[in-house]
J.: 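Before I ask anything, here is the structure I am working with.
Letters go in sequence order (proteins before strands), and every chain restarts at 1.
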Amino acid sequence: MSQVEQLKTDVKNQLHQAVISAGLAAEEEMPDIIIETPKDKSHGDFATNLAMQLARVAKKAPRAIAEDITAHLDQEAASIDAVDIAGPGFINFFMKTDYLSDIIQTVLDAPEHYGRSNAGEGKKVQVEFVSANPTGTLHLGHARGAAVGDSLCNLLDKAGYDVSREYYINDAGNQIDNLTLSLEARYLQAVGAEAEMPEDGYQGKDIIGFADEIVSTYGERFREAEVEKRRAFFRDYGLKRELDKLKADLEDFRVTFDEWFSETSLYDENKIQPVLDELKANGETYEADGATWFRSTSYGDDKDRVLIKNDGTYTYLTPDIAYHKDKLNRGFEELINIWGADHHGYIPRMSAAVQALGYDKEQLTVQIIQMVNLFENGEKVKMSKRTGNAVTMRELMDEVGIDATRYFFAMRAAETHLDFDLDLAKSESNENPVYYVQYAHARICSMLRQAEEKGFSVDRKADLSPLTSEKDQDLMKKIGEYPETVADAAAKHAPHRLTNYVYDLAQTLHSFYNAEKVLTEDQTLTKARLALVEACRITLADALRVVGVEAPERM
RNA sequence: GUCCCAGUAGCUCAGCUGGAUAGAGCAACAGCCUUCUAAGCUGUGGGUCGCAGGUUCGAGUCCUGCCUGGGACGCCA
């Protein structure tokens, strides 16, 4: 537990005692005691609305209740320096300040550990994200999903969840047949044969490239080959090359997966039929119009869904249900799927399926990634200038840079529409929040370098008592908020809270920097401040790492 | 038509489990570099929180209806 959480717990416990001994409420009437951090510093380090919550139970005015509570409160036991009753009945707590230096001490004692918690209690969570079809290039929306998904996983990991990252490869359906036929057509064209692209074929240049590769490696041998064999080869070849490309793009975007799960493997390992049997045995299916239906309306879907079409083949849903069953069989207690906005209508049926298989509704969470609109020169850009197609993730990385792209995508709540300002993301200026945060880190590194030249080094045992100025304390407090921010952002699946935090922390550092000098004639003060900025640097670097952004030592 | 998401300052967005005077950044205006990085700091102005009801000590936050924008509504994936 972090210092701040420990303090809050102490205050909570003492408040609980005070309420009992003041006779304001019995144990079973006790509300959840909420300790919040006021926005306004004059309202103390912490505050509680407990007196207002008790108004009904105690049948007294909140301010009078607050008087009773504070009169019975053991301030010493909760490290409280002073209390104040304010507004409609808030109790404000001004804490003894030594907890602030404890924060810095904790960071310095175990830098790589700071912010880590056991909030998740080792719960096995699986996050499935990106999962774009292996038939083309990753685009804007995929990039956002990748950034949000990866940061979320980093967060969950830090907050004590046992997290696994997975990519579901749709390598079994029509789209793969389409890929195969498209590649075949391109190959035949490349060797000068008559061939037409299939209807709805993949027009991308990458397919032409693969065809050329095949020609240069294998020559024209497939020209007269048996169609079935030829197609099997093209299928495997095309799939492998598409996957290589996806992996490379994602890796360059600093996103890696623990598992690349093949849809085809569900067929190969006979994992679909047993799930169908199970649903049938549970009475969740019926036959109608020559098809097999899943009675998803029993679990809140607005209509039933076809599992087996009247031509005998599965719909997309069927293997996907088997896939989710497989995930749960692998021991994951919670599944998080990160899907594009165009899939949100699919949520109720997947949720229904999980429930129909006997699992708890809460075990599946679907996080929707809303659409991204690119803006340049104040105008919406839909298409890439170079290719005329939708803007790809690769283009975005090349043009904007990975740091800015990752930061911008992580910066906003995932389920909100995002306007991505290309000019802002590209600008190396004060307007760009990424550089603002990175600059804070580089600035500290610069101070540490100069300290070293002057014979100072960061002393983990430095006396921190000289850190008494307002800016010193602001910075210590902000650093102290990190563990809770991480745990909270993880629990709420909200990586954007971390970018908000890291921006705040950078701002607090810059403000500190302009008000106080670190390298001074006063050795004791210098050592204390070096310890402080080092703790800040560690926190900045770690938060940036979670977001997927580098922390440069110079800018 | 049904369902989902969004609507907060001129623009882009935060706003935790319902709490104190609704906050940042950008843009506008006024200051701060002989001093550790000015990619920085300090200050000023700017709001019927889409609209209307309701719940309660208290609503941007919860409930109902409506308006606007986006999306989804297939035996496609």
J.: When the distance from NZ of A:Lys39 to P of B:G15 is rounded to whole Å, what number comes out?
T.: 12 Å
J.: Report the distance from atom NZ of A:Lys41 to atom C1' of B:U21, rounded to the nearest whole Å.
T.: 17 Å
J.: Who does B:U56 pair with, Watson-Crick or G-U, both distances under 3.5 Å?
T.: none
J.: Is A:Asn49 touching bases, backbone alone, or none of the nucleic acid, heavy atoms closer than 4.0 Å?
T.: base
J.: Contact class for A:Glu516 vs. all strands (heavy atom < 4.0 Å): base, sugar-phosphate, or nothing?
T.: base
J.: May I ask you to say what A:Asn310 touches in the nucleic acid, namely base, sugar-phosphate or nothing, with a heavy-atom cut-off under 4.0 Å?
T.: base
J.: Determine if the base of B:C62 is syn or anti; take syn to mean the glycosidic torsion is within 90° of 0.
T.: anti
J.: With distance as the sole test, does A:Arg305 use its side chain to make a donor-acceptor pair with the main-chain N or O of A:Lys303 at under 3.5 Å?
T.: yes
J.: Over how many whole Å does the gap from A:Asp342 atom CG to B:C76 atom P extend?
T.: 17 Å
J.: I'd like to know if the side chain of A:Arg63 and the backbone of A:Gly87 have a donor-acceptor N/O pair within less than 3.5 Å.
T.: yes
J.: Mapping A:Asn514 and A:Ser42 onto RNA chain B by nearest heavy atom, which one lands closer to the 5' end?
T.: A:Ser42
J.: What is the separation between atom CG on A:Leu50 and atom P on B:G19, rounded to the nearest whole Å?
T.: 16 Å
J.: Identify whether any heavy atom of A:His510 sits under 4.0 Å from a base atom; if not, whether one sits that close to sugar-phosphate; answer base, sugar-phosphate or nothing.
T.: sugar-phosphate
J.: Without decimals, in angstroms, what is the distance between A:Asp40 CG and B:G19 P?
T.: 16 Å
J.: Is the distance between the ring centroids of A:Phe420 and A:Phe408 under 6.0 Å?
T.: yes
J.: Base, sugar-phosphate, or nothing: which does A:Ala413 touch, judged by heavy atoms less than 4.0 Å apart?
T.: sugar-phosphate
J.: Looking across every strand, which nucleic acid part, if any, lies under 4.0 Å from A:Gln507 by heavy atom: base, sugar-phosphate, or nothing?
T.: sugar-phosphate
J.: Begin from the C-alpha positions of A:Arg449 and A:Glu452 and carry the test salt bridge (Lys or Arg N to Asp or Glu O under 4.0 Å) through to its verdict.
T.: CA-CA 5 Å; A:Arg449 279 193 299 272; A:Glu452 197 126 349; over 6 Å; no
J.: Counting any heavy atom closer than 4.0 Å, what does A:Ala515 reach on the DNA or RNA strands: base, sugar-phosphate only, or nothing?
T.: nothing
J.: Using centres under 5.5 Å plus planes under 30 degrees as the test, is A:Tyr503 stacked with B:G25?
T.: no
J.: With a 3.5 Å limit on both atom pairs, tell me what B:A9 is paired to, counting Watson-Crick and G-U wobble, or say none.
T.: none
J.: Reckon A:Asn92 touches a base, only the sugar-phosphate, or nothing at all at heavy-atom distances under 4.0 Å?
T.: base
J.: Is the aromatic ring centre of A:His343 closer than 5.5 Å to the centre of the six-membered base ring of B:A77, with the two planes inclined by less than 30°?
T.: yes
J.: Do the side chain of A:Arg144 and the main chain of A:Gln370 share a donor and acceptor less than 3.5 angstrom apart?
T.: yes
J.: Given that both distances must come in under 3.5 Å, which nucleotide forms a Watson-Crick or G-U wobble pair with B:C29?
T.: B:G43
J.: To the nearest Å, give me how far apart CZ (A:Arg305) and P (B:C76) are.
T.: 13 Å
J.: Heavy atoms under 4.0 Å, any strand shown: does A:Asp504 hit a base, just sugar-phosphate, or nothing?
T.: nothing
J.: On RNA chain B, nearest-nucleotide positions of A:Met411 versus A:Lys517: which is more 5'?
T.: A:Met411
J.: Could you check whether any side-chain N or O of A:Thr135 sits under 3.5 Å from a backbone N or O of A:Gln175, counting only pairs where one atom can act as donor and the other as acceptor?
T.: no
J.: Counting any heavy atom closer than 4.0 Å, what does A:Thr315 reach on the DNA or RNA strands: base, sugar-phosphate only, or nothing?
T.: sugar-phosphate
J.: Check the side chains of A:Asp171 and A:Thr264 for a donor-acceptor pair under 3.5 angstrom, ignoring hydrogens and angles.
T.: yes
J.: Roughly how many Å is it from CZ in A:Phe408 to C1' in B:G25, rounded to a whole number?
T.: 10 Å
J.: How would you label the contact of A:Ala55 with the nucleic acid (heavy atoms, under 4.0 Å): base, sugar-phosphate, or nothing?
T.: nothing
J.: Looking across every strand, which nucleic acid part, if any, lies under 4.0 Å from A:Arg497 by heavy atom: base, sugar-phosphate, or nothing?
T.: sugar-phosphate
J.: Let's see if you can work this out: which of B:C13, B:A6, B:C36 has an atom nearest to the side-chain heavy atoms of A:Arg412?
T.: B:C13
J.: Between B:C36, B:A77, B:U17, which nucleotide gets closest to the side-chain atoms of A:Lys492?
T.: B:U17
J.: I want to verify a distance call: between B:A38, B:G19, B:A20, whose nearest atom is closest to the A:Tyr513 side chain?
T.: B:A38
J.: Please report the distance, rounded to the nearest Å, between CG in A:Asp488 and P in B:C16.
T.: 10 Å
J.: Looking at B:U2, which nucleotide sits across from it as a Watson-Crick or G-U wobble partner, both distances under 3.5 angstrom, or is there none?
T.: B:A72
